[in-house]
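I have placed the structure first, in the form of structure tokens, so that the comments after it can refer back to it.
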Amino acid sequence: MRVDFKPIDTTVSKLVAIPIHEVAYSYDRRLGPEEFHVYRLRAKLISVKREQDSDLHMIVADMDNPKVRMIVEIPAPECAEGTGHESDYRKARTDLSRIPTGSTVEIVGVGFFDLAVSNSTCNT
């Protein structure tokens, strides 16, 4: 199955309501059909934190229900070598550095359930 890159408009509330799937096989990184779609949403930027694996984690809040929050991740470009999206991640990270917390942001990205992983520099 390939990722469908046509964005699906959604909200933070709708995305956090998706149940997390169990991993089918140890070699199968994708956890569910939601990870084969691109989503577009508007949210309020609450905070940004650089993780040990160099990803940027943004906590964002639902526009209509600010108590509903989720983490959005921008991978480090060097961790995405060979994907063809290295420059996209670099640009997104630069753009994010100019956005003050409390701002409304539009986010477009592939669905992804992050798992607890080791503290490596790049998680692939």
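Please read all numbers here as calculations on a predicted model, not as lab measurements. Heavy atoms only: backbone and side chains are in, while hydrogens, waters and symmetry mates are out.
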To check you understand the geometry: which heavy-atom pair defines the closest contact between [X] and [Y], and what is its length?
| X | Y | answer |
| --- | --- | --- |
| Pro7 | Val108 | CG-CG1, 4.5 Å |
| Val60 | Ala43 | CB-CB, 3.7 Å |
| Ser47 | Thr101 | CA-CG2, 4.1 Å |

Those residues at least two apart in sequence (or on a different chain) that pass salt bridge (charged side-chain N to carboxylate O under 4.0 Å, His left out) with Asp64 are none
With sequence neighbours left out, what residues match Arg40 under salt bridge (charged side-chain N to carboxylate O under 4.0 Å, His left out)? Asp9
Any chain of hydrophobic side-chain contacts (each under 4.5 Å) joining Met70 to Met63? no
Enumerate the side-chain hydrogen bond (donor to acceptor under 3.5 Å, both in side chains) contacts for residues 79-93, please, sequence neighbours excluded, ordered by first and then second residue. His85-Asp88, Lys91-Asp95
Is the shortest heavy-atom distance from the side chain of [X] to the side chain of [Y] under 4.5 Å?
| X | Y | answer |
| --- | --- | --- |
| Met58 | Leu96 | yes |
| Leu41 | Thr10 | yes |
| Val38 | Ile8 | no |
| Tyr39 | Leu15 | yes |

CD1 of Ile74 to SG of Cys79, rounded to nearest 0.5 Å, is 13.0 Å
Hits for side-chain hydrogen bond (donor to acceptor under 3.5 Å, both in side chains) against Arg42, two or more places apart or cross-chain, chain-then-number order -> none
Sequence neighbours excluded, which residues qualify as side-chain hydrogen bond (donor to acceptor under 3.5 Å, both in side chains) partners of Ser13? Asp62
To which residues is Ile59 joined in a hydrophobic cluster, defined by side-chain heavy-atom contacts under 4.5 Å among Ile, Leu, Val, Met, Phe, Trp and Tyr, whether direct or through other members? Ile46, Ile71
Side chain Lys44, main chain Gly102, donor-acceptor under 3.5 Å: yes
Could you walk me through whether Arg2 and Phe36 pass the side-chain contact (heavy atoms from CB on, under 4.5 Å) test, one step at a time? CA-CA 6 Å; Arg2 297 227 178 253; Phe36 291 95; 6.0 Å; no
